[in-house]
Amino acid sequence: MRILIIEDRFGLISTRVPKMFSPKLIVKNFARSAVEFLRKCENPKAFPLPPSELEAPNLEGYRLNVCFRLFYTDIEDFHKPMSIVDFKVMESPSVEFEMQFLAGKVPFVDISRVYTYLLKEE
């Protein structure tokens, strides 16, 4: 059995910070090859796959500022045929913190959504 984990990590900034003073929006997808691999796997139980576009959580008083899609796996070769045998999605509680800038402290929230797939070589 093999494991493939896709993590969508979101950083949201307080809407009290005027957009002109907000850091530039950063969106990075480092898991493209892993998600493409999942789409090619046999999926007899029709487990949901990670969405093609990252779906940021909607928190009142915050707007998206940073988004990363990462992956973790013990699979050595994404070309071997595999089958998805189990699936779980988890979301972290929102972690609120303040970042210090020259202009002052800015409220942020960090949230992760993790898709875990158990795979079997065919």
Side-chain angles (χ1 to χ4, degrees):
M1 294 294 194
R2 299 291 183 190
I3 295 173
L4 176 59
I5 298 169
I6 308 290
E7 178 185 16
D8 291 345
R9 185 149 192 183
F10 307 99
L12 298 102
I13 189 170
S14 173
T15 54
R16 295 184 312 204
V17 177
K19 284 192 176 195
M20 62 186 280
F21 295 116
S22 292
K24 183 180 172 187
L25 175 65
I26 299 170
V27 178
K28 298 283 185 178
N29 183 354
F30 297 106
R32 196 173 317 277
S33 61
V35 173
E36 288 173 9
F37 166 74
L38 269 177
R39 296 196 189 297
K40 293 177 186 172
C41 288
E42 290 292 319
N43 191 359
K45 296 183 181 176
F47 291 116
L49 300 175
S52 298
E53 296 296 319
L54 286 89
E55 298 173 355
N58 195 3
L59 283 178
E60 189 173 327
Y62 290 89
R63 66 177 167 270
L64 185 64
N65 187 243
V66 177
C67 181
F68 292 111
R69 177 169 272 179
L70 308 166
F71 78 97
Y72 315 90
T73 189
D74 61 352
I75 299 169
E76 295 92 23
D77 183 2
F78 279 165
H79 295 29
K80 288 185 180 179
M82 294 197 167
S83 180
I84 303 170
V85 295
D86 200 7
F87 163 80
K88 183 183 280 190
V89 65
M90 298 174 287
E91 190 166 304
S92 72
S94 58
V95 177
E96 297 181 40
F97 60 98
E98 289 184 337
M99 288 186 70
Q100 181 70 40
F101 292 98
L102 292 175
K105 293 180 181 179
V106 177
F108 278 89
V109 170
D110 185 76
I111 297 175
S112 287
R113 188 175 301 125
V114 178
Y115 304 88
T116 305
Y117 295 89
L118 185 62
L119 300 141
K120 176 178 72 170
E121 290 186 38
E122 291 186 352

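Proximity of Asn29 to Val27: side-chain heavy atoms (C-beta onward) are nowhere separated by under 4.5 Å. Put simply, the side chain of Glu121 reaches to within 4.5 Å of the side chain of Arg2, judged on heavy atoms. Residues Glu91 and Ser112 form no side-chain contact, since every pair of their non-hydrogen atoms from C-beta on lies 4.5 Å or further apart. Residues Tyr115 and Leu4 have side chains not in contact (no heavy-atom distance under 4.5 Å, counting atoms from C-beta outward). With a 4.5 Å cut-off on side-chain heavy atoms, Pro44 and Ser83 count as touching. At least one side-chain heavy atom of Ile6 sits under 4.5 Å from a side-chain heavy atom of Leu38.
Note on Leu49: it does not cluster hydrophobically with Val114, by side-chain heavy-atom contacts below 4.5 Å among ILVMFWY residues. Both Leu118 and Ile5 belong to a single network of hydrophobic side chains, linked directly or stepwise wherever heavy atoms of I, L, V, M, F, W or Y lie under 4.5 Å apart. Clustering ILVMFWY residues whenever any of their side-chain heavy atoms sit less than 4.5 angstrom apart, transitively, puts Phe30 in a cluster other than the one holding Leu54. Note on Met82 and Val85: separate hydrophobic clusters, where clusters join Ile, Leu, Val, Met, Phe, Trp and Tyr whose side-chain heavy atoms are under 4.5 Å apart, directly or indirectly. Connection of Ile111 to Tyr62 is established within a shared hydrophobic cluster, with ILVMFWY side chains joined at heavy-atom distances below 4.5 Å, either directly or through further cluster members.
If you take CZ on Phe97 and CZ on Phe108, they are separated by 6.5 Å, rounding to the nearest 0.5 Å. A distance of 14.0 Å separates CE of Met99 from OG of Ser14, quoted to the nearest 0.5 Å. One finds the CG atom of Leu119 at 6.0 Å from the CD1 atom of Ile84 (value rounded to the nearest 0.5 Å).
Considering all non-hydrogen atoms of both residues, Arg9 and Asp110 come closest at NH2-OD2, 3.1 Å. Residues Leu12 and Pro57 share a closest heavy-atom pair of CD2-O, 3.7 Å. Considering all non-hydrogen atoms of both residues, Pro107 and Arg16 come closest at CG-NH2, 3.0 Å. Heavy-atom minimum distance, Ala56 versus Phe10: CA-CE2, 3.5 Å.
With respect to the salt-bridge test (charged N to carboxylate O, under 4.0 angstrom), the residues Glu122 and Lys80 do not qualify.
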Worked verdict on Val109 versus Leu59 for side-chain contact (heavy atoms from CB on, under 4.5 Å): CA-CA 9 Å; Val109 170; Leu59 283 178; 3.5 Å; yes

Derivation and outcome, salt bridge (charged side-chain N to carboxylate O under 4.0 Å, His left out), residues Lys120 and Glu42: CA-CA 10 Å; Lys120 176 178 72 170; Glu42 290 292 319; over 6 Å; no

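The stretch residues 44-55 participates, sequence neighbours left out, in these side-chain hydrogen bond (donor to acceptor under 3.5 Å, both in side chains) pairs: Arg39-Ser52.
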Scan the side chains in residues 64-75 for donor-acceptor partners under 3.5 Å anywhere in the protein, sequence neighbours excluded, and list what turns up.
from: Asn65; atom 1: ND2; to: Pro23; atom 2: O; distance (Å): 2.8
from: Arg69; atom 1: NE; to: Asp8; atom 2: OD1; distance (Å): 2.6
from: Arg69; atom 1: NH1; to: Pro51; atom 2: O; distance (Å): 2.9
from: Arg69; atom 1: NH2; to: Asp8; atom 2: OD1; distance (Å): 3.4
from: Arg69; atom 1: NH2; to: Asp8; atom 2: OD2; distance (Å): 2.9
from: Arg69; atom 1: NH2; to: Pro51; atom 2: O; distance (Å): 3.1
from: Tyr72; atom 1: OH; to: Glu7; atom 2: OE1; distance (Å): 2.7
from: Thr73; atom 1: OG1; to: Ile3; atom 2: O; distance (Å): 2.7
from: Thr73; atom 1: OG1; to: Ile75; atom 2: N; distance (Å): 3.0
from: Asp74; atom 1: OD1; to: Ile3; atom 2: N; distance (Å): 2.9

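Ring geometry, Phe37 versus Phe78: the interplanar angle falls under 30°, so the pair is classed parallel (tilted spans 30 to 60°).
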